[in-house]
Amino acid sequence: MSPESSDRPGRTGTAAGLLDGRAGTVRTYCRLCEAGCGTVATVERGHLVRLRPDHDHAVTRGFACNKGLRAIDLHHDPDRLRVPLRREGDRFVPVSWDEALEEIASRLRDVMSTHGPRAAGIYIGNPVAFNALGSAASGHFAGALGTDRVFSAATQDCSNKYAVAELLYGSPTANPIPDLRRTELLLVIGSNPRVSKSSFISVANPVVELRRIRDRGGRVVFVNPVDVEPDIGPTLQIRPDSDPYLLAALLHEIHRTVGFRPGAAQGAVTGAAEVAAFVAAYSPDAVADVVGLPAEVIAQLARDFAAAEAAAIHVSTGLNMGRQGALAYWLVQMLLLLTGNLDRPGGNYFPARGIGARFGPVDRTSASFHTTRWGDFRRAMGLLPAALLPEFIGAAEEPLRALVVIAGNPALSVGGGPQLTESLRSLDLLVTIDLYRNATGELADFVLPATDQFERPDLNTFVQGIQVEPYLQWTPAVVEAEAQQREEWRILGQLLQAMGRKALVDPAATDALPLLFDRALAPKGLAVSALRAAGGVVPLREHGPERSRERLGADSPLECVPEALGSTLARGHALFEDLRAEEPGRFKLITRRTQDALNSAMGNLPTKRPGDWPNPLWMNPQDGARLGLTPGSRASVSNEWGALAAEVRFDPRLRPGVVAMTHGFGNAETTGMPVARRRGGANVNVLTPRGPGAFDPVSCMSQITGIPVDVRAEPGIAPSPVR
Ligand SMILES: Nc1nc2c(c(=O)[nH]1)N[C@H]1C(S)=C(S)[C@@H](COP(=O)(O)OP(=O)(O)OC[C@H]3O[C@@H](n4cnc5c(=O)[nH]c(N)nc54)[C@H](O)[C@@H]3O)O[C@H]1N2
Ligand SMILES: Nc1nc2c(c(=O)[nH]1)N[C@H]1C(S)=C(S)[C@@H](COP(=O)(O)OP(=O)(O)OC[C@H]3O[C@@H](n4cnc5c(=O)[nH]c(N)nc54)[C@H](O)[C@@H]3O)O[C@H]1N2
Ligand code: SF4
Ligand SMILES: [Mo]
């Protein structure tokens with residue numbers, strides 16, 4: 001049978017019959033980032049021909065970025081996967097779905113019957129978050145296999161938030177967002193909203209929101225090694241990976257001057273004295289050198305924060321990805337809580353949500369840590385540290401032998417470089433489910449073609465609880481898959497069935513969304529059919545921030561220092577001494593995103609300047625001059641973990657001593673993405689710490705920013721793209 005012959009199951013929720021009067025257009029929304037911008041797709045004869053912003057969208061109001069609108073190019077990329085592929089030696093050959101599913105199921109069964117269910121695991125990539133059915137099915141898949149070996153991109157970007165939210169507020173997804181529309185003073189820590197639109201806050205045009213704060217007389221202060229938005233507000237150009245100590249000093253100074261004053265709205269709070277005891281050592285003077293900011297500036301910010309009628313904080317990956325993302329995020333919560341800015345208009349609050357947060361019993365004791373041969377850690381959302389992937393694969397006892405990667409690219413997104421590549425290659429079975437045969441797929445035994453955002457019905461579940469203007473949105477599949485691509489939930493369900501296990505939803509189901517989500521929507525008096533009848537978008541009744549924690553259903557009283565955080569605080573004290581003892585001259589490598597990239601996912605799209613090195617090493621011109629480097633010249637960057645060569649670019653907005661690179665590149669071996677392969681670029685994660693000690697034990701978050709590196713002029717190393 002030709003693998004191109006269509007054997008896809010019947011599907012509904014497609015756009016047929018939904019083309020809404022304006023002939024041939026379908027209202028949908030972008031699933032590339034958390035802004036979730038409404039879009040309108042034009043369909044002609046079953047093909048997607050145009051994508052534009054949805055000007056009639058009640059919330060996103062016609063905003064969409066260049067990257068989101070290029071999702072149509074991803075959709076049409078001729079290098080996209082069309083059929084299942086099986087490795088045969090060095091080649092990938094097309095196979096039928098039946099053959100692929102049967103063989104994968106049989107090999108998984110073999111591995112698990114010989115070595116136990118924990119020999120199998122999954123890695124859940126970032127795009128799964130924007131895929132309601134795919135998310136539910138991925139979690140279910142691991143459970144149905146009986147394995148707890150679950151890895152995810154979340155330990156590269158946000159598991160510190162999950163961990164702290166769970167310990168403080170009772171649910172990993174209870175993360176209070178800043179009240180942008182009412183705040184007087186907003187701290188934006190470790191985020192570049194212009195480029196990334198940020199994370200853990202969902203708003204279509206964050207730069208405009210921030211500008212409005214300034215325009216109505218409020219203040220926005222950035223904390224970032226890069227002067228990110230000079231026109232909107234000043235940046236405290238902090239030394240990378242030192243955020244916890246700036247936050248501790250703010251609390252120290254507030255405690256010393258006006259005292260801690262939790263607001264009445266927060267209900268009972270216990271443990272404030274323990275917070276005071278933790279921050280006692282961190283006066284602005286004591287931290288000034290470590291954070292690289294003058295003590296007076298820190299003290300002034302503390303006074304301003306305490307005096308503001310309402311102050312709020314937004315933190316993102318620049319803070320999450322340091323060595324102590326959980327400590328820093330906990331200090332942020334303490335700063336909000338102990339100045340009365342949690343649950344207050346203009347402060348941070350828990351927005352209304354169309355689907356409730358999950359509260360379960362939380363073990364807040366130190367007994368909730370797992371003891372392993374690679375150190376103790378606590379699993380937020382059940383995740384294992386991705387920084388330990390090679391350790392799990394190479395373990396002497398109970399090694400991981402089979403891995404299913406769902407919409408992810410750990411080979412480039414996780415620290416490890418060649419060592420990680422080799423261990424992924426050494427697996428008995430590696431399966432990827434993706435739009436491309438990406439760098440990870442290149443190492444796989446099977447590569448399975450997934451539908452993209454235009455080829456599946458969906459519900460904006462992931463952004464519930466982080467939206468500035470809360471709403472639910474349903475979208476139909478805009479078009480049917482042109483070749484044999486299938487939805488992740490169907491693939492995972494079919495695999496389970498082939499193994500004689502129960503799928504989450506029958507993979508033959510024609511309308512899975514209501515089966516899975518109607519019950520969750522019922523408390524709001526909604527159902528998928530109601531969203532559909534309303535044209536897709538249903539704004540939720542606007543709730544003010546007052547008593548938002550209570551409304552969320554969180555348990556009280558709020559305990560500031562759950563026992564499980566004890567070791568995090570102790571580690572914080574120890575790492576302060578480490579930072580003080582650090583040799584001063586060494587560069588720190590930080591993260592950086594660019595307008596036209598989305599992690600590694602858009603790397604195969606042609607660019608305007610194809611000859612350009614896609615991820616240069618950015619540095620302050622002063623540093624460049626000191627090292628004898630000029631824009632366009634070549635540098636080598638190295639540390640104990642690895643080395644790479646890159647082209648140099650200058651950016652005076654960077655703090656001297658700090659260099660920055662974008663991740664997601666380094667596709668020299670990725671034959672499945674020929675355009676990305678020709679573009680070149682280096683995998684910055686060869687420099688990222690990995691293994692024991694390279695993650696935050698309370699959250700399993702990897703350290704990805706603030707990495708010590710040596711930088712040298714290297715005229716001998718050619719960074720030019722492979723041809
Ligand atoms: N050095 C460094 N490393 C980083 C970061 C950093 O800033 N610096 N950032 C980190 C962050 S924030 C994240 S989120 C992780 C990302 O980590 P990953 O999720 O592992 O990597 P991505 O590059 O996002 O890969 C996503 C893959 O999903 C595929 N895909 C896209 N849409 C779909 C779909 O609908 N279905 C399926 N099945 N596949 C799809 C894409 O083709 C791509 O191959 O990387 C992290 N790594
Ligand atoms: N164009 C584009 N948009 C994206 C993505 C993309 O790859 N490209 N990725 C999406 C994803 S998966 C995510 S998670 C979000 C992330 O959204 P953001 O978290 O806003 O990500 P970045 O733009 O990388 O901004 C991080 C900022 O932290 C700063 N920083 C680095 N190290 C430190 C530090 O130690 N301390 C402090 N205080 N700051 C530091 C960096 O200079 C940078 O300005 O973006 C999403 N949107
Ligand atoms: S901001 Fe994010 S959600 Fe909006 S169009 Fe761009 S990528 Fe898509
Ligand atoms: Mo991310």
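One-based numbering, in listed order, for ligands and for the atoms of each.
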May I ask you to test the Ser138-Val128 pair for a side-chain heavy-atom distance under 4.5 Å? yes
Side-chain heavy atoms of Asn131 within contact of Arg31, under 4.5 Å: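 With C-beta onward as the side chain, the pair stays apart.
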Step-by-step ring-ring contact (aromatic ring centres under 6.0 Å, His included) determination, Tyr282 to His573: CA-CA 10 Å; Tyr282 304 112; His573 289 315; 5.6 Å; yes
For [X], is the nearest heavy atom under 4.0 Å from an atom of ligand 2?
X	value
Lys67	yes
Gly322	no
Val315	no
Gly706	no

Quick check: does [X] get an N/O under 3.5 Å from an N/O on ligand 2?
X	answer
Ser316	yes
Asp157	no
Arg592	no
Ser242	no
Val195	yes
Leu319	no

For atom 8 (Fe) of ligand 3, check which protein N, O or S atoms are under 2.8 Å away and list them. Cys30 SG
Return the residue, atom name and 0.1 Å-rounded distance of the protein heavy atom closest to [atom].
atom	result
atom 42 (O) of ligand 2	Asn224 OD1, 2.7 Å
atom 20 (O) of ligand 2	Ser191 OG, 2.9 Å
atom 40 (C) of ligand 2	Pro225 CD, 3.3 Å
atom 21 (O) of ligand 2	Thr317 OG1, 3.2 Å

At a 4.0 Å threshold, what atoms of ligand 2 neighbour a non-hydrogen atom of [X]?
X	value
Thr591	31 (C), 41 (C)
Val226	42 (O)
Pro240	35 (O)
Ile189	38 (N)
Asn126	12 (S)
Asp241	34 (C), 35 (O)
Thr594	1 (N), 2 (C), 8 (N)
Val228	44 (O)

Would you say the side chains of [X] and [Y] form a donor-acceptor pair under 3.5 Å?
X	Y	result
Ser202	Glu34	no
Asn599	Arg593	yes
Asn685	His663	no

Under-4.0 Å salt bridge between [X] and [Y]:
X	Y	answer
Asp651	Arg592	yes
Glu229	Arg214	no
Asp596	Arg70	no
Arg323	Asp696	no
Asp56	Arg27	no

Measure from atom 6 (C) of ligand 2 to every heavy atom in Ala660, Ser196, Ala597 and give the option owning the shortest one.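 Ranked by closest heavy atom to atom 6 (C) of ligand 2, first place is Ala597.
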Where the closest heavy atom to atom 26 (C) of ligand 2 is concerned, which of Pro206, Gly190, Gly325, Ser198 has it?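 When every heavy atom of Pro206, Gly190, Gly325, Ser198 is considered, Gly190 comes closest to atom 26 (C) of ligand 2.
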Closest contact, heavy atoms only, [X] versus [Y]:
X	Y	value
Tyr329	Pro176	OH-CD, 4.1 Å
Ile298	Ala249	CG2-CB, 3.8 Å
Asn460	Tyr29	N-OH, 3.1 Å
Thr705	Gly322	CG2-N, 3.8 Å
Ser413	Gln156	O-CG, 3.5 Å
Leu644	Val684	CD2-CA, 3.7 Å

Does ligand 2 have a heavy atom under 4.0 Å from the side chain of Leu598, from its backbone, from both, or from neither?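 Both backbone and side chain of Leu598 come within 4.0 Å of ligand 2.
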